[in-house]
Amino acid sequence: MLLGLKRYLGIDYILPVAARLGPVPTTGAIYKAYIEVAWPATMQGLLLQLMTAINLAMVGALGADALAAVGIMSQPLMVMLVFVRSAAIAITAIVARRKGEEDYEAMNSVLKQGLLLTVLFYVPLLVLSFYFLRDILTFAGAQPSYIEEAVQYGGYIVIGLFFSALSVMMGAALIGVGNTRVIFTANAIGNVVNVGLNFLLIYGWGPIPALGIVGSGMATMTSYGLICLLLLRAIHLQDQHLAWNRGSWRFDRDILRSIYFIGGSSLGEQAFERFGMFAYTKMVASLGVVALATHHICMNLIDIFYYFAMGLSYSGASYTGQSLGKKRPDLAMAYGKIGIRIALFISMVGLVAYGGLRHIVFDFFTQDQAVWQLGAQIMILMAIASFPQAFQLVYSGVLKGAGDNFYVMKYSLFVIAIFRPIITYLLCFTLGLGLYGAWVALLIDQSLRMVFAGWRFQSGVWQHIKI
C-alpha cells in the first residue's frame, strides 16, 4: 500500500517520461516549489480571519449598534472590491505567462499599467462613494439607530480602500511571479498594527482619547496604507523580477486587451458568485434564528479550510502561467495534478477534524443546545464538502492561470447564480429539509463546479489559450 501511494505521488506517475517536453524537477523539488508558493497565501488568509475576529470582538464591546455599524459596511466594501479583484486575476495570469517567457519588460509594464488603471477607476468611484455614503449604507439596510456611526466608520474605510485596491493589484503581480511570502509578511505586519491601533483608538490609553468606532475606522485605514507601502517597498527592494525601474507606464493596446479579456470574465464570475451567495444567505436567514446562527458558525469554520485550498489555487495559477510561458504545457498539467494530490491530503485532514471532532469543535463556539445539536450534524456535510471544494479550487486556479476565465464564468453563471438558488429553495422549503437542505445544496454546488473545472482541466484546452 505504501509503495502504491509513493508511486501515485511520484513525478514519474504524474508526468511519464514519454509525455515530457523537457527536463522535470524531482518529486521532492516540485512538491516543495508548489508548497512554498501556497503556504504564505494560506497563512495570509488565516491571519486575516483571526485578526477580523479580534477586531470584531473589540468593536462588539461597544454594543450592538457599533457592531452593526461595522457589519453593514461589509457588503458595500465587497462590491467596491469586485472590480480590482477581477483585474487582479488577469494581472496574475499575464505576469506569470510573461515570467515564463522571460519577458521582464512586458511583465513590469503589466504591473504598472494595472496600477494606473486602478487609480483611474477607483479615484472617481471612491469620491462618489464617500459623497453618497449615507445613501449607500441606507440602501444596504442600515438602521437609524446606528447610521451616524456607520457613516463615520465607513468614511475611513472608503479612504483606506484606495490603498487596499493598490495592494490587491501589487499582490496579484507578486502571486504571478510566485513571491507570496512578501504578501504574507506585509499583511501580517499590517494586521498586527491594525489590532494594536484598534485597541488604542477604540478604548483610549493615556493621552490618546477613546474614539470608539471612529478609532476602529482610523486603525483599519492606517493598516491598509501600511500594507500598500510595504508592498511598494518590497517590489523595489526584495523581488528579483518585479522592479519600478523596468517596464512602461504608457498604456499598451495588447496589455489592455488581455486585462479586459481575462478581467471581464472574472468580473462576471464574481458578480454571479455575489448574487448566488446573497440569494443563498437570504433563504438561510428565513429558516429562523437557530438555523442562521448555526449556519454562520459553520461558514466561519469552512472558511478556515477554504484558505488552505485557496493557497493551492494561487500556487497552481502561478505555476500554470509560468509553465505555459516556457512552452511547457506538460509541466503545467503536472503542477495541476500535484495540487490535486495535496488537496486530497488536506481534505482528509478536514474530514477528520470536521467530522470526527465536530462535537469538540462546536463547544468552542456556542453553549446553546439547539445550535450545538444542529451544528454537529451539519459539520458532517461540511466535512464531505471539503473534498469537492478543494478540488474545484485547484482546478479553477489552473484554468485562471492559463487565462481560461471565460469558461469559469460560464459554469459559475449556471451553477452559482442559477442552479444553487433553485436547488436550495427546493431542498430547504419544498422538501422541508431546512438547514440540512442548504448544506446539501452547497455540497452539490461544489461537486458540480469540481466536475466542470475538472473536465476542462483533463481536456487540455486551456493549454492553448494565448494571452
Side-chain angles (χ1 to χ4, degrees), residues 31 34-35 37-46 48-49 85-86 88-89 92-93 96 171-172 175-176 178 180 183 262 265-266 269-270 272-274 276-277 280 299-321 332-351 353-354 381-405 407-416 420 439 442-458 462:
Y31 274 91
Y34 195 99
I35 293 171
V37 174
W39 79 260
T42 294
M43 294 306 298
Q44 176 194 343
L46 292 174
L48 178 61
Q49 188 85 347
R85 287 176 175 171
S86 301
I89 292 172
T92 295
I175 292 171
T180 53
I183 307 171
I262 301 173
S265 299
S266 299
E269 176 203 350
Q270 293 198 40
F272 299 145
E273 187 166 353
R274 296 308 308 166
M277 183 57 72
Y280 178 74
M299 288 301 291
N300 275 275
L301 285 169
I302 203 170
D303 278 348
I304 295 172
F305 176 81
Y306 170 84
Y307 288 120
F308 282 96
M310 202 64 206
L312 300 180
S313 181
Y314 284 145
S315 186
S318 179
Y319 281 115
T320 295
M333 181 70 79
Y335 278 115
K337 292 179 178 180
I338 285 168
I340 289 297
R341 283 156 172 77
I342 300 173
L344 177 61
F345 171 76
I346 292 174
S347 298
M348 291 174 70
V349 174
L351 180 67
Y354 290 148
L381 292 171
M382 190 170 73
I384 299 170
S386 64
F387 286 89
Q389 182 188 51
F391 293 166
Q392 69 92 1
L393 282 170
V394 171
Y395 284 136
S396 64
V398 172
L399 299 181
K400 291 175 184 179
D404 198 7
N405 300 70
Y407 176 79
V408 177
M409 184 192 74
K410 287 191 294 183
Y411 75 68
S412 297
L413 168 62
F414 170 69
V415 177
I416 306 174
R420 184 162 75 171
W439 278 82
L442 185 142
L443 174 59
I444 296 172
D445 163 23
Q446 296 291 337
S447 299
L448 280 176
R449 283 197 260 177
M450 177 189 69
V451 169
F452 283 122
W455 175 83
R456 186 73 162 188
F457 173 78
Q458 295 296 341
W462 50 274

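Counting non-hydrogen atoms of neighbouring residues, nucleotides and ligands closer than 6.0 angstrom, the CZ atom of Phe391 exceeds 12 such neighbours. No more than 12 heavy-atom neighbours from other residues, nucleotides or ligands sit within 6.0 angstrom of OH on Tyr314.
The shortest non-hydrogen separation linking Gly397 to Ser313 is CA-OG, 3.3 Å. Contact record, Leu351 with Ala383: CD1-CB, 3.8 Å, taken as the closest heavy-atom pair. The two residues Val408 and Lys400 come nearest to each other via the heavy atoms CG1-CE, 4.1 Å. For the residue pair Gly403 and Ala93, the shortest heavy atom distance occurs at N-CB, 4.5 Å. Nearest heavy atoms, Ala88 versus Ala172: O-CB, 3.2 Å. Nearest heavy atoms, Ala385 versus Leu442: CB-CD2, 4.2 Å.
At least one donor-acceptor pair closer than 3.5 Å links the side chain of Thr42 to the backbone N or O of Tyr307. A donor-acceptor pair under 3.5 Å links the side-chain atoms of Thr180 to the main chain of Val37, judged by distance alone. Judged purely by atom type and a 3.5 angstrom limit, Trp462 uses its side chain to pair as donor or acceptor with the backbone of Phe457.
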Exercise. Decide side-chain contact (heavy atoms from CB on, under 4.5 Å) for Tyr354 and Ile304; before the verdict, give the C-alpha distance in whole Å, the side-chain angles of both, and the deciding distance to 0.1 Å.
Key: CA-CA 11 Å; Tyr354 290 148; Ile304 295 172; 4.0 Å; yes
Exercise. Begin from the C-alpha positions of Leu443 and Ile384 and carry the test side-chain contact (heavy atoms from CB on, under 4.5 Å) through to its verdict.
Key: CA-CA 8 Å; Leu443 174 59; Ile384 299 170; 4.1 Å; yes
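Counting only residues at least two apart or on different chains, the salt bridge (Lys or Arg N to Asp or Glu O under 4.0 Å) pairs with a member in residues 443-453 are Arg420-Asp445, Asp445-Arg449.
Atom OH in Tyr411 sits 11.0 Å away from atom CG in Leu448 (nearest 0.5 Å). Atom CD in Glu273 sits 13.0 Å away from atom OH in Tyr280 (nearest 0.5 Å). Atom-to-atom distance recorded for Met409:CE and Gln270:CD is 12.5 Å, nearest 0.5 angstrom. Between Phe272 atom CZ and Phe414 atom CZ the span is 13.5 Å, to the nearest 0.5 Å.
Residues satisfying the salt bridge (Lys or Arg N to Asp or Glu O under 4.0 Å) criterion with Arg456, sequence neighbours excluded, are Asp404.
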Which atom pairs, donor and acceptor, lie under 3.5 Å between side-chain atoms of residues 336-350 and protein residues at least two apart or in another chain?
| residue | atom | partner | partner atom | Å |
| --- | --- | --- | --- | --- |
| Arg341 | NE | Tyr8 | O | 2.8 |
| Arg341 | NH1 | Lys337 | O | 3.2 |
| Arg341 | NH2 | Tyr8 | O | 3.3 |
| Ser347 | OG | Ala343 | O | 2.8 |
| Ser347 | OG | Ser386 | O | 3.3 |

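Relative orientation of the Trp455 and Tyr407 rings is tilted, given thresholds of 30° and 60° on the angle between their planes. Using bins of under 30°, 30° to 60° and over 60° for the plane-to-plane angle, the ring pair Tyr319/Tyr34 lands in the parallel bin.
Looking at heavy atoms from C-beta onward, Leu46 lies in side-chain contact with Phe308 at the 4.5 angstrom threshold. Side-chain contact check for Phe387 versus Gln392: every heavy-atom pair is 4.5 Å or farther apart. With contacts defined as side-chain heavy-atom distances shorter than 4.5 Å, the pair Gln389/Ile302 qualifies. When side chains are defined from C-beta on, Trp39 does not count as touching Leu312, because their heavy atoms never get closer than 4.5 Å.
When each of Ser266, Ser265, Ser396, Ser86 is paired with Asn405, the side chain to side chain donor-acceptor pair (under 3.5 Å) condition holds for Ser266 and for no other.
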